[in-house]
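Reviewing the structure listed below.
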Amino acid sequence: MIALLSSAFAGPLPGEAPSDPSGVRVVLRGLVESWDDPALSAVYSSGTWLGGLGVVVPVWGPVLVDVEASFRRLESGGSTFEIAPLSALVEFGPRKGTVEPYAGLGPTWTAFTESAGDSSVQGARLAAELRGGLRVDTGLVRPPMPPAGDGPVRALEIELYLARRVSLPGGEGFALGAWRGSLGVAVAF
Amino acid sequence: VLLCVTFALAATSAGTDPTGDTGVPASDTGSTLTGTVSTGDTGGTTETVGTTDTGVPEEEEVVEEEVVVSAAALAGEVGGVRCDSVGVAPFAGWLVLLLAAVRRARGVS
């Protein structure tokens with residue numbers, strides 16, 4: 001990790017063009033969520049890690065659309081809880097050299113299923129997510145020198161973000177608001 | 001005559017003495033009551049029936065049920081889709097952006 005970050009901030013070699021991660025990016029994300037709901041905390045855990053996959057598509061200039069899906073299954077005392085957050089955020093990320101800080105806002109659709117004994121409860125929540133993060137080009141993928149053509153992979157980035165899934169308190173049922181954090185690897189095509 | 005009167009008075013005082021006569025029945029009544037109580041004590045030996053009650057709990061089977069805890073039950077979750085108002089606004093905004101992108105792609109001004 002240190003080697004990747006140091007190479008990222010080192011930038012391209014003299015006389016060498018920087019890599020171009022402006023295409024579509026596929027991000028493999030490891031997420032950590034801290035839940036607001038006390039019932040989930042009492043039975044399962046106050047939070048968990050999730051595996052996720054994101055696709056970041058440039059729309060116009062620094063404006064991007066980030067679609068992410070993740071999933072986690074928890075078990076406790078014969079009960080099983082599955083949660084699958086899906087988000088579609090509009091992000092603003094002006095690139096400065098090898099670093100791209102960004103902020104995003106958008107809706108999230110969090111589906112869940114709990115099986116306890118013979119009973120099963122399924123549902124979903126539509127909420128909002130506010131996200132801020134950073135993408136750093138590792139510089140491990142160098143642009144080809146002419147006359148060689150471009151390869152399929154244009155850049156390899158490290159991505160880090162912190163987010164808040166906002167769910168209004170009160171009412172019956174799960175409160176699926178959560179603090180979220182992610183560390184991921186992005187491949188730009 | 002004096003003798004006759006004297007004997008008459010003496011006889012009268014001896015025959016009407018109630019103190020001595022009432023003392024005897026009182027002691028008789030007490031012995032009867034004592035005998036009745038002792039008869040009732042023999043019935044207590046039949047209480048051995050109660051010893052058979054101790055055999056009943058030995059025949060009972062204790063069934064242990066596994067308790068499954070449900071977070072949905074704790075939270076009052078009944079399932080279904082719920083939309084927070086805080087989530088509807090960005091969802092609507094996203095749809096507007098999507099529609100705008102589609103119109104732009106089709107060349108609709």
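Chain naming here is simple, since letters A, B, ... match the order of the sequence lines and numbering starts at 1 in each. Side chains are part of it too, since the values below use all heavy atoms of this structure and drop only hydrogens, waters and symmetry mates.
Connection of V90(A) to L98(B) is established within a shared hydrophobic cluster, with ILVMFWY side chains joined at heavy-atom distances below 4.5 Å, either directly or through further cluster members. V56(A) and L31(A) are not part of a single hydrophobic cluster, where members link through side-chain heavy atoms under 4.5 Å apart. Under the 4.5 Å side-chain heavy-atom criterion for ILVMFWY residues, a single connected hydrophobic cluster contains both F112(A) and L50(A). Transitive grouping of hydrophobic side chains (ILVMFWY, heavy atoms separated by less than 4.5 Å) brings L28(A) and V153(A) into a common cluster. Note on Y161(A) and L130(A): separate hydrophobic clusters, where clusters join Ile, Leu, Val, Met, Phe, Trp and Tyr whose side-chain heavy atoms are under 4.5 Å apart, directly or indirectly.
Within residues 113-128 of chain A, the residues having any heavy atom under 4.5 Å from a heavy atom of chain B are, by residue number, E114(A), A116(A), G117(A), V121(A), Q122(A), G123(A), A124(A), R125(A), L126(A), A127(A), A128(A). Among residues 57-81 of chain A, the residues having any heavy atom closer than 4.5 Å to a heavy atom of chain B are, in sequence order, W60(A), V65(A), G77(A), G78(A), S79(A).
When all heavy atoms of F174(A) and A71(B) are compared, the closest pair comes out as CE2-O, 3.6 Å. Between A39(A) and A75(B), the shortest heavy-atom contact is CB-CB, 3.7 Å.
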Mind listing the side-chain donor-acceptor pairs of residues 182-189 of chain A below 3.5 Å, one per line with the distance, residues two or more places apart or on another chain?
none

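Applying the side chain to side chain donor-acceptor pair (under 3.5 Å) test to D36(A) and every residue at least two apart in sequence or in another chain returns R164(A).
In terms of non-hydrogen atom pairs under 4.5 Å with chain B, the most contact-rich of T108(A), L40(A), V43(A) is V43(A).
For V78(B), the part sitting under 4.5 Å from any heavy atom of chain A is the backbone (N, CA, C, O) and nothing else.
In this structure, the side chains of W109(A) and V81(B) come closer than 4.5 Å at one or more pairs of heavy atoms.
Remark: L176(A) CG to E77(B) CD distance equals 7.5 Å, nearest 0.5 Å.
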